[in-house]
Structure formats: C-alpha cells, structure tokens
Amino acid sequence: NVVSTDGSKIRAAASKKQIYNQDRLEREMAAVEKILQEAEEIDALEDEQDRGSTDDKLPEHLQDTKERKARLQQIAKQLALRDAKYVVGSEPESRVMETADGIRPAYNLQASVDAQSQVIVAMDLTQAVNDYGALPAMSDEVERVTGMSADTMLVDGGYVDEETLSWTEECNSDVLMPVAQHWRESRRDDLFANRCFLLDDERDVLICPAGRELTFRGEYRTDSGGYRRYQASGCRSCSFYSQCVSNSLGGRRISVSIVEPQRVKMREKLKSAHAK
C-alpha cells in the first residue's frame with residue numbers, strides 16, 4: 001500500500017493577457033481617466049453650443065469606458081484584499097503560476113496515486129502556487145476516500161516544510177521525502193561545515209570539531225522557517241580560527257532549524273535500501 005502524491009499545474013480558462021499587477025493597473029486606470037476627462041471637456045463645450053438639446057444619453061464609447069473603470073477598480077480591490085502581486089482580472093479565483101507553458105493563470109491539482117495500480121485515490125484542486133504544506137490534507141483525503149491510511153507515502157522535495165516535517169512524526173503513514181541541505185552548506189565539504197557541529201540535546205549546546213561549545217543565544221524566524229542560533233566565545237585562541245570563523249564577531253555562529261531532528265531522521269531513513 002504505497003501512495004505517491006504530486007501537484008500538477010492546471011491552466012485556468014483565463015488568458016495570460018488577463019494578468020494584472022499594480023503597474024499595469026495604474027497605467028490602464030490613468031488612460032481611462034484621461035479619456036473620461038477629455039469627454040467631460042467636450043461635453044461642457046457642446047453644452048455651451050447647444051443649450052436646447054434634450055438628448056442626455058451617454059455615448060456608447062463612454063459607457064464602455066466607465067464599465068472599464070469599474071472593472072479596474074474591482075481588480076484594485078482584489079489586489080489590496082489579497083495583498084498579492086498579481087490578480088487575474090476575468091478569473092480572480094485562479095492564481096498566477098509557473099507552468100510548462102510559462103507564466104499562466106492556473107490551479108494546483110494535488111493527486112495521490114496508488115503505486116501498484118496507478119489509480120488516483122485522492123485529489124484536490126488548490127490555489128497554492130507550490131506544494132508546501134499540502135501533504136497532511138492529502139493524507140486525510142486518502143483515508144476519507146479509501147477508508148484506510150497508506151503504509152508508505154512518497155513525495156518530492158517540493159513538499160518539505162517545517163509543519164510537514166513535524167507532522168511526519170505523528171501521521172499514520174511512513175513518509176519518505178528528500179530533505180535538501182541549504183545550498184551554501186551543501187557546497188562545503190571541509191571539517192568545519194555546519195553538519196560537523198554536534199548537538200548535545202541535554203545541555204542544549206553544539207560541540208565544534210575542536211571540542212569547544214557553542215551556546216544557545218535565541219530563536220528567530222525567516223521566510224523559510226524557525227531557527228535556533230548558537231554562538232561560541234574565545235574562538236580567536238583556537239588554532240583553527242581562520243579556517244572556521246568567517247564573521248567579524250570573533251566567534252563562530254550557527255543557525256539550526258527547529259525541525260533539524262526530523263530533517264536528520266528523514267535523511268537517515270532515505271539511506272535504507274527500502275527507502276531508495
């Protein structure tokens with residue numbers, strides 16, 4: 001009972017010509033305002049010339065322009081409410097995504113497939129531009145549809161985030177997902193790479209390759225998740241100082257993901273023949 005889950009970008013009905021950002025919105029609104037302003041000036045001049053006219057019907061081209069302005073105002077509200085960079089004017093429920101055909105209005109179709117039969121056993125259409133955080137909901141959907149949980153769930157690295165890694169510790173399935181190292185760290189292969197500093201859980205310190213301790217200094221968050229910062233003192237007296245320390249603070253600093261234990265556990269799990 002092995003289930004693989006992945007997302008596919010499904011193109012929306014709307015054309016990419018319907019994609020608006022703040023710059024385009026302002027340009028088109030300025031053009032509409034200019035047309036309406038010119039029309040008002042012409043109307044005022046014609047009124048002076050023809051006081052006896054009783055034809056108050058708005059010209060068709062101005063009706064279209066006012067409709068255009070109202071539509072642009074609606075798009076502006078959608079941009080503000082969503083706090084988004086882009087909005088699809090004619091299909092606001094879609095999202096601007098990178099697809100095989102380039103940037104397009106699209107949806108993210110999540111599908112879970114039984115590995116043996118190749119039958120889709122769960123699916124969901126989402127507005128998420130990536131797959132982060134989608135796995136727990138898809139696992140629940142597999143159980144809802146089939147009445148049982150998968151023995152093993154397979155996903156690619158696009159599903160790896162802080163919440164999902166924590167969830168793998170308590171879910172009913174054995175989850176296998178590749179956990180990549182930070183690109184800077186992956187390029188280091190010397191003795192003083194971050195992965196060579198060992199965590200002592202009981203004392204909450206990191207032990208460097210030279211035996212010195214880096215003490216816990218606090219937590220912080222970035223767009224990629226939460227981190228715990230450790231820093232050493234007295235590093236200048238170490239014979240490996242020039243090889244290890246690259247900052248100007250005099251001591252080596254290392255940031256460790258708050259889900260690093262789960263990341264390490266997943267990497268170790270993937271080394272087994274079964275996981276491969």
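Since the model is a prediction, treat every value here as computed from it, not as a measurement.
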- Look only at the side chain of D161 and the backbone of G133, and say whether a donor-acceptor pair between them is shorter than 3.5 Å. yes
- Message: With a 3.5 Å distance limit and no angle check, can you tell me whether R252 reaches the backbone of F192 through a side-chain donor-acceptor pair?
- Response: yes
- Query: Once you round to the nearest 0.5 Å, how far does CZ of R95 lie from OG1 of T126?
  - Reply: 10.0 Å
- Thinking salt bridges, do K265 and E169 make one under a 4.0 Å N-O criterion? yes
- In terms of hydrophobic clustering (I, L, V, M, F, W, Y; side-chain heavy atoms under 4.5 Å; direct or indirect links), are M97 and I103 co-clustered? no
- Counting only heavy atoms not in K269, do more than 12 fall under 6.0 Å of its NZ? yes
- Query: Should M177 and L135 count as side-chain neighbours, where that means a heavy-atom distance under 4.5 Å?
  - Reply: yes
- Message: Whether the side chain of E162 engages the backbone of G225 through a donor-acceptor N/O pair (distance < 3.5 Å, no angle test) should be reported.
- Response: no
- Message: Check for me, please, whether M153 and V2 land in the same ILVMFWY cluster - side-chain distances under 4.5 Å, paths through other members count.
- Response: yes
- Following the transitive rule for hydrophobic clusters with a side-chain heavy-atom cut-off under 4.5 Å over Ile, Leu, Val, Met, Phe, Trp and Tyr, establish whether V259 and V155 coincide in one cluster. yes
- I would like to know whether K9 and N108 meet side chain to side chain contact (heavy atoms under 4.5 Å, CB included); could you show each step before the answer? CA-CA 5 Å; K9 301 298 171 57; N108 186 347; 4.2 Å; yes
- Would M123 and Y107 show up in the same hydrophobic cluster when neighbours are defined by side-chain heavy atoms closer than 4.5 Å? yes
- Message: Is there a path of hydrophobic side-chain contacts, each under 4.5 Å between heavy atoms, that joins F197 and V264?
- Response: no
